[in-house]
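Read through the structure below, which is laid out as structure tokens, and then see the notes.
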Amino acid sequence: MSLTKYKKKRNFKESPEPQSGKPTGSQLRFVIQKHDASRLHYDFRLEMDGVLKSWAVPKGPSTDPKVKRLAMMVEDHPYDYRNFEGIIPSGYGAGTVMVWDEGFYEPIEEIKGKKAQEKDLLQQLKSGSLKIKLHGEKLNGEFALVKTKGMGDNAWLLIKHKDEFASTKDITKKDKSVISDLDLKGIEKEFEKEEEEESEKKAKKKTISKKATSATKEKKTIKKKNKPDLKLDKNTEDLLQDAPTIKFPSKLKPMLATLIDKPFDKAGWIYEVKWDGYRALAFLNKGEVELKSRNDKSFNEKFYPITEALQSLNFNTILDGEIVVVNEKGISDFGALQNWRSEADGTLLYYVFDILWLESKELTHLPLSDRKKNTQ
């Protein structure tokens, strides 16, 4: 693993391209970026050995097993590059970049565990023949990357295997980003719009005195610091005062439903909406967020918008809730949740219905009705 070549070719003071990134999650990621550089091409990238192993595919991928696409292996890219979309200024690789497809991948041969899969894939890479299965927005099924002879050390072929996802249709006709839902021209317009807005802001700032500018910055700092701060009413503060103090627990089990024969109505019992989603505990501690399933599996990568939203909160807590995808009417859709890969697949929400720990206070001894007051 080395990003030396990647960093040597770029001026990060000018280019918005990512410099690093650490892989997370229990599955290996892949991304295909459409890059309108000096020549239009597609960059095929596979997470492996802590970086993105990368190939430039001039004509783009094909889902037709009879078509073999030339793929020229290039320098490793940092893991965070998988989310990069925008415009690279003049210099190396100048042009517009789009996230054309992204998702997870694995070896064709069934191997359990990310580490074991990665070890096998590195061996395949070294042998010059990679056989993988993609689970993306546009590309799915089995593919092979095979090193060629007589065409240079970095020349490979990208080939689709014959399976249920094989097709003679030109998959590159699907020309919109799986992140922004924009085509290359749309991304350029969006970038130009942002540039204009930034220029206007700078022009306005020049008309303000240094003293006023300094005061404005100070206000912004205070606002940013306090924006997501925790606010408690007097009753809640009193409840917390009597709650036991414990260290931040890294593992907790959510309170689960119990199966009964028929519904009932009793004093002291409350009912929850059946959201039809994935139960998830959110552990927020000192700016770090861990979103976990009821079986202690990480949801951080899979449902990254929720993880990012939770990171904006400026307090330490453990929340119990449910991840759902809702349709236009606000009704949860479990099928859409199972197939969710990006914002293009539907609106992702995290419904919080319980709070288990808050700022060193263990709350599970309190009545559920009292705990729920803090989740409103």
Side-chain angles (χ1 to χ4, degrees), residues 20-26 80 83 215-256 270 272-273 275 277-326 330 332 337 340 343 347-376:
S20 59
K22 187 177 179 181
T24 57
S26 59
D80 285 354
N83 293 320
T216 304
K217 284 182 179 178
E218 189 178 345
K219 284 180 182 178
K220 281 184 178 179
T221 304
I222 294 168
K223 188 178 179 183
K224 186 178 180 182
K225 216 171 185 180
N226 296 331
K227 184 180 177 182
D229 222 349
L230 184 64
K231 292 181 181 179
L232 302 172
D233 58 32
K234 184 67 170 63
N235 290 336
T236 306
E237 286 179 352
D238 291 341
L239 283 169
L240 286 176
Q241 241 182 357
D242 298 328
T245 300
I246 65 168
K247 289 183 179 180
F248 185 83
S250 59
K251 287 187 180 181
L252 274 180
K253 288 288 184 182
M255 180 167 47
L256 302 177
I270 60 174
E272 295 279 5
V273 174
W275 290 113
Y278 289 150
R279 190 71 172 271
L281 292 176
F283 296 79
L284 285 68
N285 187 34
K286 298 177 181 178
E288 296 293 323
V289 172
E290 277 294 331
L291 193 63
K292 295 183 179 181
S293 73
R294 58 195 287 182
N295 298 319
D296 205 40
K297 292 184 178 179
S298 177
F299 278 151
N300 276 27
E301 285 290 322
K302 185 172 178 61
F303 301 119
Y304 58 88
I306 292 174
T307 306
E308 290 170 2
L310 290 168
Q311 282 171 338
S312 70
L313 300 179
N314 193 32
F315 50 90
N316 305 309
T317 188
I318 298 175
L319 306 173
D320 185 6
E322 192 132 351
I323 298 170
V324 300
V325 168
V326 295
S332 62
L337 179 65
W340 196 92
E343 286 86 344
T347 303
L348 199 64
L349 298 176
Y350 181 46
Y351 286 113
V352 178
F353 44 74
D354 200 357
I355 183 165
L356 310 178
W357 185 92
L358 178 67
E359 297 294 358
S360 78
K361 295 293 185 177
E362 195 271 326
L363 305 181
T364 56
H365 76 290
L366 295 173
L368 178 61
S369 56
D370 287 337
R371 298 205 301 272
K372 287 176 75 68
K373 287 177 184 176
N374 283 302
T375 63
Q376 304 306 314

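Just so it is clear, the structure is predicted and the values come from calculations on it, not from any experiment.
- A donor-acceptor pair is defined here as one N or O able to donate and one able to accept, closer than 3.5 Å; no such pair exists between the side chain of Glu290 and the backbone of Phe283.
- Using cut-offs of 30° and 60° for the angle between ring planes, the Phe299 and Tyr278 rings count as parallel.
- The CZ atom of Arg294 sits 10.5 Å away from atom CG of Leu281, with the distance rounded to the nearest 0.5 Å.
- The distance from atom CG of Leu349 to atom CD1 of Ile323, rounded to the nearest 0.5 Å, is 10.5 Å.
- Scanning both residues, Trp340 and Val325, for their nearest heavy atoms gives CD1-CG2, 3.7 Å.
- The two residues Gln311 and Val289 come nearest to each other via the heavy atoms CG-CG2, 3.4 Å.
- The two residues Ala280 and Leu291 have their closest heavy-atom pair at CB-CD1, 4.2 Å.
- Ser20 and Asp80 get closest at one heavy-atom pair: O-CB, 3.1 Å.
- How far CD1 of Ile306 is from CG of Leu348: 4.0 Å, rounded to the nearest 0.5 Å.
- Atoms CD1 and CG, from Ile318 and Leu252 in turn, are 4.5 Å apart once rounded to the nearest 0.5 Å.
- Counting all heavy atoms, side chain and backbone alike, Leu319 lies closest to Tyr350 at O-OH, 3.5 Å.
- Asn316 places none of its side-chain heavy atoms less than 4.5 Å from the side chain of Leu284.
- Within the structure, salt bridge (charged side-chain N to carboxylate O under 4.0 Å, His left out) pairs that include any residue of residues 278-288 comprise Arg279-Asp320 (at least two apart or interchain).
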Can Glu359 and Thr317 be said to form a side-chain contact (heavy atoms from CB on, under 4.5 Å), step by step? CA-CA 6 Å; Glu359 297 294 358; Thr317 188; over 6 Å; no

